[in-house]
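Read the structure below first, then the notes.
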Amino acid sequence: MAANGEQDVFSPSDVLAAIMTMRSGEQEAKKKAHAYLENFQKSKTSWATIIGILQSKSEPEATLFAAITLRGKITYDLSTQVSTSELSGLRNQILLLLKQFAAGPKPIRVQLCVCLAILAIQMKDWNDVLPSVVQSLNDSPESHACVLDFLRVLPEEVTEGRKITLSEDDLADRSKELLADNADRVVQLLINYSQSSPASARNPQLMECITSWLREVPVESIVNSPLLDVVFDGINADECSQESSECLCVMLRETREVDDNQQIIQVLFPRVVGLQPRIAVLAEEEDTETLKSLTKVIATAAECWSVAIARQPSHFRALVEAVLECAARDKDQDVIEHTFNFWYDLKQYLVLERYIQSRLELVDVYSKLVDVLLRHLQYPRPDSGNEADLFDGDREQEEKFREFRHQMGDTLKDSCEVMGITQCLTKVLNAIQVWMQNYASQVTDDAVPNWQQLEAPLFAMRALGRIVDRDEDVVLPQLMPLLVQIPNHEKLKFATIMVLGRYTEWTAAHPEYLEPQFNYIVNAFQADSKEIVRAAALAIKFFCTDCRNLLGGQVLQLQTFYDQVLDKLPNQSKEEVTDGVSSVVAVQPADQTYALLKTYCDPLIQRLMTMANQATDKESKIAMAEHLQLITIFVQNVTPAVNPGDANPAVKYWQEVFPILSTVLENFLDFSPICERICRCWRNMVVSYRTSMAPLLPEMANKLATGFTASREGCFLWVTGTILREFSEDRDNVDPATTENIYSFFEAQATVFLRAMTEMQPSDLPDAIDDFFRLMIDALLYYPQKLIPSALLLPIFEAAIYALTLEQRDPLVSTLHYVRDLLSYGSNNPASSEGLPEPTAQQIKSIILSMLQTHGIGLVKQVMAGMMLTFPRDCFADGSGVLLALFEMLPSQTAEWVAQTIQLLPDGTVNPDEANRLMGKIKERLSTDDASNMRHVRVLLQDFTNSYRRRNVAPRDGLGQLEATRFQFSG
């Protein structure tokens, strides 16, 4: 299969062969077929081949691919590849194809309907779209499916009209002609169809049509028509219950503004409440899917009318109880989640003072909801009876249950806010006490009977922890002694530890409960279960953080414990325990800081040196990097308060450690994770101790410079940026000579980086580019008066333009942010003007404008190329922000640069009329002084570049499906 250029003819046989290769060929052959089909989809010459495939008796996969490709071409290529005189012929061809596929397969029929809808939007002189389509397709019963499909997709495609190269005004006009002007006609068509036969009234396509047009048709037009009965009857019909439920949910959402829709709500409310008897029936029949659909309807109604419920709780109580019944009758935990939003929305009103009476009327419902939730929170009893595998090997179901429990925890908190903390916790206490009374005496070393009934309230207590006040003194004093008596069962112990870790703020306010809880957590580190050990590590972190002022007397014993358990823990747990114990060290008197750091960190440093001597493979080096993070945590947390001018005892310790870290760095400059972790440690030293770090700066600067020169790792620049910030001229207690030396060091680092940029492609240095331009942002913010007039300005600007050829998000974002900040100094609103005398500010502005006069076109070309071809989507806003800044400073020149850039685009990729229209609108906006004009210019450029990208760069639909499994076609 030869490579094809733009003018090549794609024969149907070659295209079909490529499609078959994509479906079942070898990997290399698939790559070639993919490239061939991608060219085919965008080629000017592919139209006839696509129509030929659709007309032939090709396999369904190939026919669907052709239909999807036709949809893409009508969306993106119509204006550039099809003349106006050919549009009616294309329309007629699609109508004929729809007749051909009227009986199916449905996926092909739907794609052709989408093609016709997109064509209708762009054929501005096709004024009778709906009548002509209905007349053309309505001459046989099997064509009704085509009409319904077309009616369904038309509003959806008009809504998506921004993909099409129509102006906003043309799209708005076309939307009115196709939708608003046809709304009454469509409603009548749907009524007529629904009344044509009993089967028609239960057709899921009909429900989907009503749903689609509810975007355009006032909801009262449906509510006051025979279609309302059709939708409600459909809920009970097996053929269309899900589609009917979705249709009704959309209808209900249109009534959210309850004051504007009171009459509609009066009609819908009794109809929705009338569905409640079906709940019990469906639950008894174990028809989960239909029960789910019904729950969505009832919960959506309640959610949309929640303010009305808060105003009139007695009137709407039946609806609230219906939602509760849906939750209560959910056996498989597939239904209740659809009620969560309602309970939250109603809670938001009931906790307000104005709705206090309604809260009192509905508090019993929330109380029953808590009982339901406590039951649903219970772990399942496995069919196999194997307590070690509660989900019988179904890991997906296990993960779903875990996520589901956390969602229920949020709803528990909502209930607690309505009921009151004491009442809600009392339910938890009662559940635990009931279990203790019934089963505590039956516990053995090997078994805990019905442990699920005990674990659920423990999980509930954990979920409520964030909203329980630290002054609660009614229930928690009864609960806390029970927790440390929970039987020794893995799930129960894990749950108990997580509860204790969640209530550490309460424990800090009630120190008499600290010792038994803390001992319980410490003893948990001896457990065989990794889950329990991880939970204990997290709990230690919270205990030490929140109760740090109570643990000062145990600070030395805590180090012994820390040293004993550290090597047994996974990395995350090591960090959590380190975070905890360092918090206790941090609150000790400053005169003890040095000694405590030596006590805690010397063993860490000794471990580091041992690891460095033995690290020969990647795994051991990664372990070193992870260990370095523990040292950094002490740097972050232990920051003693000292008077200005006094030596910092923490810095004294880190000065002793610094040579060891430097040696480790020198020995592992070729391993990025270690470089990054040491740089992170040094950066945190600067952030934590700021000006107290002055004695260490010369040596640190030297290591940063030699490290970057040797490794070209961006992390060294990252630390330089932090030093630049913390020792800038506007900081207090910074010696001017130190600031000058730091800026000189920065210039040397920048020069080394620029030299590296000349020797390598940007794609070889993405991380360094990211960190370099983050550094430049800091330099611009704190030293604009030094950087902008310097000889470095132009090389850095050119490096930024060069860096914009990258396709990775992070370095592009940093570069674009730097460029935007730099351009701001050429405007009247610089990124930082603090402390700049007016003459200096004007000089800086003049330098920026002068540079742009000669180099602005390169920036425009690269930014537009990025937006049209290479930028990730996250970078579009910053790219258009750069262009907007240029338009604000140099409007006529920037317009000319944009026009020159468009002229460089390959022939055939842009319609000349489209390009002329863009430039005409830009110049029109620039000709007036309206404050909103620049925003409009930005939108014009974004729309143009997005359209170009979709047409010429972004992959078209269809290729992905060919590589997936075979399609399942149904009529």
Side-chain angles (χ1 to χ4, degrees), residues 276 279-280 282-296 298-299 302-303 320-347 362-383 387 390-392 394-419 423-432 434-435 438 450-467 491-492 494-495 498-499 502:
Q276 183 172 6
I279 300 171
L282 294 170
E284 187 65 28
E285 295 174 350
E286 297 187 356
D287 187 350
T288 303
E289 287 306 311
T290 307
L291 179 58
K292 188 187 300 183
S293 297
L294 188 62
T295 300
K296 288 179 182 178
I298 295 172
E303 187 180 334
V320 180
E321 290 178 339
V323 180
L324 179 65
E325 184 176 355
C326 290
R329 292 190 181 275
D330 178 18
K331 295 179 181 178
D332 299 321
Q333 299 166 337
D334 287 325
V335 171
I336 189 174
E337 63 181 303
H338 299 292
T339 73
F340 291 158
N341 285 341
F342 163 64
W343 300 119
Y344 171 79
D345 286 352
L346 183 58
K347 179 266 298 187
L362 293 173
V363 71
D364 66 309
V365 177
Y366 275 90
S367 178
K368 293 173 184 175
L369 176 62
V370 171
D371 295 333
V372 170
L373 293 171
L374 285 173
R375 190 174 72 250
H376 281 305
L377 282 171
Q378 292 183 25
Y379 271 98
R381 288 170 171 77
D383 296 334
E387 289 284 343
L390 299 173
F391 296 87
D392 296 322
D394 190 338
R395 295 293 164 249
E396 183 178 345
Q397 190 65 26
E398 182 176 3
E399 186 57 36
K400 180 181 175 183
F401 179 72
R402 289 178 188 273
E403 183 180 344
F404 168 73
R405 280 173 41 123
H406 287 289
Q407 288 180 305
M408 284 201 295
D410 292 335
T411 303
L412 263 174
K413 284 181 275 193
D414 297 332
S415 303
C416 187
E417 289 185 63
V418 174
M419 293 173 59
Q423 291 80 357
C424 203
L425 279 177
T426 297
K427 284 184 173 289
V428 172
L429 174 62
N430 290 341
I432 293 175
V434 166
W435 186 92
N438 292 337
N450 290 317
W451 62 267
Q452 290 93 337
Q453 292 181 20
L454 178 57
E455 194 276 344
L458 290 172
F459 182 90
M461 185 178 175
R462 169 187 167 191
L464 296 173
R466 292 191 185 280
I467 62 171
K491 293 289 186 187
L492 295 177
F494 176 84
M498 296 302 287
V499 170
R502 184 60 59 89

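All values derive from a computational prediction rather than experimental measurement.
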Is there a side-chain contact between [X] and [Y] in this structure, where contact means two heavy atoms from C-beta onward sitting under 4.5 Å apart?
{"X": "I432", "Y": "L458", "value": "yes"}
{"X": "I336", "Y": "L373", "value": "yes"}
{"X": "K368", "Y": "V372", "value": "no"}
{"X": "W343", "Y": "V365", "value": "yes"}
{"X": "K413", "Y": "D410", "value": "yes"}
{"X": "I298", "Y": "C326", "value": "yes"}

As an exercise, state the distance from [atom1] of [X] to [atom2] of [Y], rounded to the nearest 0.5 Å.
{"X": "E303", "Y": "D345", "atom1": "CD", "atom2": "CG", "answer": "5.0 Å"}
{"X": "Y366", "Y": "L369", "atom1": "OH", "atom2": "CG", "answer": "7.5 Å"}
{"X": "L412", "Y": "Q407", "atom1": "CG", "atom2": "CD", "answer": "12.5 Å"}
{"X": "T295", "Y": "E337", "atom1": "OG1", "atom2": "CD", "answer": "10.5 Å"}
{"X": "N430", "Y": "L425", "atom1": "CG", "atom2": "CG", "answer": "11.0 Å"}
{"X": "E321", "Y": "I279", "atom1": "CD", "atom2": "CD1", "answer": "11.0 Å"}

Minimum heavy-atom distance [X]-[Y], with the two atoms named:
{"X": "A460", "Y": "V428", "result": "CB-CG2, 4.2 Å"}
{"X": "A463", "Y": "G409", "result": "CB-CA, 3.7 Å"}
{"X": "N450", "Y": "W435", "result": "O-NE1, 3.0 Å"}
{"X": "Q378", "Y": "A456", "result": "CG-CB, 3.7 Å"}

Once you measure the plane-to-plane angle for W451 and Y379, does it fall in the parallel (<30°), tilted (30-60°) or perpendicular (>60°) bin? tilted
[X] bridged to [Y] by N-O distance under 4.0 Å:
{"X": "E398", "Y": "R402", "answer": "yes"}
{"X": "E284", "Y": "K331", "answer": "no"}
{"X": "E455", "Y": "K491", "answer": "no"}

Show the numbers, then the answer: is there a side-chain contact (heavy atoms from CB on, under 4.5 Å) between F342 and V320? CA-CA 9 Å; F342 163 64; V320 180; 4.0 Å; yes
May I ask you to check whether Q276 and E325 show a side-chain donor-acceptor distance below 3.5 Å? yes
Is it true that the side chains of S367 and K427 contain a donor and an acceptor less than 3.5 Å apart? yes
I need the single residue from K296, K400, R329, K292 that forms a salt bridge (Lys or Arg N to Asp or Glu O under 4.0 Å) with D334. Which is it? K400
Ring centers of F401, H406 separated by less than 6.0 Å: no
Does CZ belonging to F340 count more than 12 external heavy atoms closer than 6.0 Å? yes
Return yes when atom CZ of R466 has more than 12 non-hydrogen atoms of other residues, nucleotides or ligands closer than 6.0 Å, and no otherwise. no
For L282, is there any backbone N or O sitting under 3.5 Å from a side-chain donor or acceptor partner on D287? no
Verify, without hydrogens or angle tests, whether R502 (side chain) and R462 (backbone) share a donor-acceptor contact under 3.5 angstrom. yes
